[in-house]
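Reviewing the structure listed below.
The structure displayed is predicted, hence computed values, not measured ones. Naming: A, B, ... by sequence-line order, numbering from 1 per chain. FYI, side chains are in, hydrogens and waters are out, and symmetry mates aren't considered; it's all heavy atoms of this structure.
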There are 2 protein chains.
Amino acid sequence: MENSYKNILEKFKKLLKKNELKFTKQREEILEAIYNSKSHISSEELYHSLQNPKIGIATVYRTLSLLESENFVTTFINSGVKQYELTKEHHDHIICNKCGKIEEFLNPEIEMLQEKIASSFGFKITDHSLQMFGICKECQKDNL
Amino acid sequence: MENSYKNILEKFKKLLKKNELKFTKQREEILEAIYNSKSHISSEELYHSLQNPKIGIATVYRTLSLLESENFVTTFINSGVKQYELTKEHHDHIICNKCGKIEEFLNPEIEMLQEKIASSFGFKITDHSLQMFGICKECQKDNL
DNA sequence: GTTCTCTTTGAAAATAGATGTCAATTTAAA
DNA sequence: TTTAAATTGACATCTATTTTCAAAGAGAAC
């Protein structure tokens, strides 16, 4: 199943049906905005990116909460700001402190080590969040 | 240099002098509260743990910001609540979603892998944050 | 110790992000 | 269509944090 907007939208409609919720233009437009952001977007950015200026901020938060609780979007915090992205394969983030660029990565060895550490503490892991902060290649050049 | 309160206090006084700031009983009491929390504490918990009830919440936030910007304390977010702890050797956290218990760990292999990943992206890493969430041994038993 | 200047503080107001309330509107099943 | 229940926008409220400002305090110079 590819990640075309059409497929995302279908999944979204199924999610609504499953929860006996209604499909509205507001909800669709919010979904579209997340999709169009391509990677990640904050609630505030999302709110301002909407075509229909009548959509209220409360509806944005309501829809984001719904999507998050249904694991349709995944969140992480950057500089104290919550970022939303469509849930896809698990991955972690590497963030440039200067230009704000965010790269995604997945390292199976780290994933495995985490499991090992968790079980050494007797924990059953449900989730984790790993972020690295630094200066990206381009911003290192700018410093010369 | 051991981490006795006396040593922490001396470091704190040096930090103030370096920044041409004054040593006040409020600042000392806030430092003491962080020290006494042993591990981590939120701004709200800290505020309520103060002996002197006249110390205002603004002073707490002002002092915490100062300590954080000087890297005297380190922070992480748990369930949306910012937690402060005295900066010591770097470590990561494993958090129980049920009882809230937080364990600390340090895994050199993960640290190394992170460096490797960062450099493969051309990043120069300044910092990172890794948190694992799950259910601890005790809470797993409670579920039976 | 006293003076004096500059910093710090507490209280209250202000701000930002997020959530709750409710009447009016909209959805979608019948 | 009709209709009942869900959703929405506007606005109030809440919580965490920051700003403002007059009064109090710190500490360097005397």
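For B:Lys88, the side chain to side chain donor-acceptor pair (under 3.5 Å) test picks out B:Glu104, with sequence neighbours left out. Contacts of B:Ser37 classified as side chain to side chain donor-acceptor pair (under 3.5 Å), with partners at least two apart in sequence or in another chain: none. Residues passing the side chain to side chain contact (heavy atoms under 4.5 Å, CB included) test with A:Lys137: none are found, sequence neighbours excluded. B:Arg62 is linked by a side chain to side chain donor-acceptor pair (under 3.5 Å) to B:Thr59, counting only residues two or more places apart in sequence or in another chain. Every residue two or more places apart in sequence or in another chain that forms a side chain to side chain contact (heavy atoms under 4.5 Å, CB included) with B:Gln131 is listed here: B:Phe76, B:His93, B:Ile95, B:Ser129, B:Phe133. Legend: residues meeting side chain to side chain donor-acceptor pair (under 3.5 Å) with A:Glu68, ordered by chain and number and at least two apart, are A:Thr75, A:Lys82.
Listed here is the closest heavy atom pair of A:Val73 and A:Tyr84: CG2-CD2, 4.0 Å. Between A:Ser42 and A:Val81 the shortest heavy-atom distance is CB-CG1, 3.7 Å. Taking every heavy atom of both residues into account, A:Asn97 and B:Thr126 meet most closely at ND2-OG1, 3.3 Å.
Between the C1' atom of D:dG27 and the CZ atom of B:Arg27 lies a distance of 13 Å, rounded to the nearest Å. Atom-to-atom, CD of A:Glu20 to P of D:dT7 comes out at 10 Å; the value is rounded to the nearest Å. Atoms CZ (A:Phe23) and C1' (D:dA5) sit 19 Å apart, rounded to a whole Å. For the pair B:Leu16 CG and D:dG27 C1', the interatomic distance rounds to 13 Å; values are reported in whole Å.
Distance check: A:Leu16 CG to A:Thr24 OG1 gives 8.0 Å after rounding to the nearest 0.5 Å.
Each end of the helix from C:dG1-D:dC30 to C:dA30-D:dT1 gets its own axis, taken as the rotation carrying the C1' atoms of four end pairs onto the next four within a five-pair window, and the two axes meet at 30° to the nearest 10 degrees.
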Considering only nitrogen or oxygen atoms on both sides, find all protein atoms under 3.5 Å from nucleotides 12-18 of chain D and state each distance.
| residue | atom | partner | partner atom | Å |
| --- | --- | --- | --- | --- |
| D:dT17 | OP2 | B:Ser43 | OG | 2.9 |
| D:dT17 | OP2 | B:Tyr61 | OH | 2.2 |
| D:dT17 | O5' | B:Tyr61 | OH | 3.4 |

Are there any protein N/O atoms within less than 3.5 Å of an N/O atom in nucleotides 22-25 of chain D, and if so, which ones and at what distance?
none

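Boundaries of the chain A contact region on DNA chain C are C:dG17 to C:dA28, first to last in 5' to 3' order (nucleotide atom under 4.0 Å from a heavy atom).
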Donor-acceptor list for residues 48-56 of chain A side chains, cut-off 3.5 Å, not counting sequence neighbours:
| residue | atom | partner | partner atom | Å |
| --- | --- | --- | --- | --- |
| A:His48 | ND1 | A:Glu44 | O | 3.1 |
| A:Ser49 | OG | A:Leu46 | O | 2.9 |
| A:Asn52 | OD1 | A:Lys54 | N | 2.8 |

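Hydrophobic cluster membership for A:Ile110: A:Ile94, A:Phe105, A:Leu113, A:Ile117, A:Phe121, A:Phe123, A:Ile125, A:Leu130, A:Met132, B:Ile94, B:Phe105, B:Ile110, B:Leu113, B:Ile117, B:Phe121, B:Phe123, B:Ile125, B:Leu130, B:Met132 (Ile, Leu, Val, Met, Phe, Trp, Tyr linked by side-chain heavy atoms under 4.5 Å, directly or transitively).
Residues A:Thr59 and B:Lys17 both approach DNA chain D. Their nearest nucleotides, taken by heavy-atom distance, put A:Thr59 toward the 5′ side.
The backbone N or O of A:Asn3 lies less than 3.5 Å from a partner atom in the side chain of A:Tyr35, making a donor-acceptor pair.
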